[in-house]
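Have a look at the structure below before the remarks.
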Amino acid sequence: MKHKTFSTQLKGILIGIALCGILIYLWIVPTFGKDIAEMNPEFNNAYIPWLFFLEVTGLPCYAALFFAWKIFDNIGRDNAFCKDNGRYMKWISTLALGDGIYFLLGNIILLLFSINHPGILILSLF
């Protein structure tokens with residue numbers, strides 16, 4: 001398989017991932033959250049903070065998709081093993097680490113404000 005064809009296929013997969021993320025973050029999460037808040041009125045005050053918390057977790061994911069696109073561009077130019085790709089991979093790993101730390105700290109903060117359940121915090125560790 002030629003590098004240009006492989007790069008194009010990878011970009012197609014990346015677009016599919018981005019569209020799935022948009023579907024999850026803009027439709028599924030708000031819909032399920034609203035349903036939970038309607039079925040359990042005691043969770044009404046937690047809907048907006050949790051929605052904001054979960055929506056912010058998507059920002060590093062889309063930044064990582066941007067860097068992946070740049071990596072795939074370099075693969076298409078037959079330049080897969082270059083310093084730029086190493087830097088992009090480092091950025092992706094830093095974004096993943098930051099997102100993980102944000103998720104853990106956010107869960108702890110929501111727990112301190114009595115918007116979270118300890119079971120959710122323990123589950124988020126896995």
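None of the values given here were measured: they were computed from a predicted structure.
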Rounded to the nearest 0.5 Å, the CG atom of L105 sits from the CG atom of L112 at a distance of 10.5 Å
Taking all atoms of both residues into account, what is the closest heavy-atom pair of V56 and Y102, and its distance? CB-OH, 3.4 Å
Identify the two heavy atoms, one from L26 and one from E55, that lie closest to each other, and give their separation to 0.1 Å. CD2-OE1, 4.1 Å
Can you give the donor-acceptor pairs under 3.5 Å from side chains of residues 59-76 to other protein atoms, not counting sequence neighbours?
{"from": "Y62", "atom 1": "OH", "to": "A18", "atom 2": "O", "distance (Å)": "2.7"}
{"from": "Y62", "atom 1": "OH", "to": "I22", "atom 2": "N", "distance (Å)": "2.8"}
{"from": "D73", "atom 1": "OD1", "to": "K11", "atom 2": "NZ", "distance (Å)": "2.3"}
{"from": "N74", "atom 1": "OD1", "to": "R77", "atom 2": "NH1", "distance (Å)": "3.0"}
{"from": "N74", "atom 1": "ND2", "to": "N85", "atom 2": "OD1", "distance (Å)": "2.8"}

If you group Ile, Leu, Val, Met, Phe, Trp and Tyr by side-chain heavy-atom gaps below 4.5 Å, do L14 and L19 land in one group? yes
Is there a donor-acceptor pair closer than 3.5 Å between any side-chain N or O of T94 and the backbone N or O of K90? yes
Quick one: do F32 and W50 end up in the same hydrophobic cluster if we chain Ile, Leu, Val, Met, Phe, Trp and Tyr together by side-chain heavy atoms under 4.5 Å apart? yes
Less than 4.5 Å apart, any side-chain heavy atom of I17 and any of I13? yes
Honestly curious: do I120 and L110 fall in one hydrophobic cluster under the side-chain, below-4.5 Å linking rule? yes
Value rounded to 0.5 Å, distance of CG in L104 from CG in N107: 7.0 Å
Just do the side chain to side chain contact (heavy atoms under 4.5 Å, CB included) check on K4 and D78 with the steps written out, would you? CA-CA 8 Å; K4 188 70 173 165; D78 198 16; over 6 Å; no
Matching residue for F53 among Y47, F103, Y25, F113 - test: ring pair (Phe, Tyr, Trp, His ring centres under 6.0 Å): F103
For residues F52 and I115: do they belong to one hydrophobic cluster (side chain heavy atoms under 4.5 Å, members Ile, Leu, Val, Met, Phe, Trp, Tyr)? yes
Same cluster or not: are F81 and L10 linked, directly or through other Ile, Leu, Val, Met, Phe, Trp or Tyr residues, by side-chain heavy atoms under 4.5 angstrom apart? no
Nearest 0.5 Å please: distance from the CG atom of L23 over to the CD1 atom of I28. 4.0 Å
Atom OG1 of T31 and atom CD1 of I36: how far apart are they, to the nearest 0.5 Å? 11.0 Å
So how far is it from I24 CD1 to L54 CG, rounded to the nearest 0.5 Å? 11.5 Å
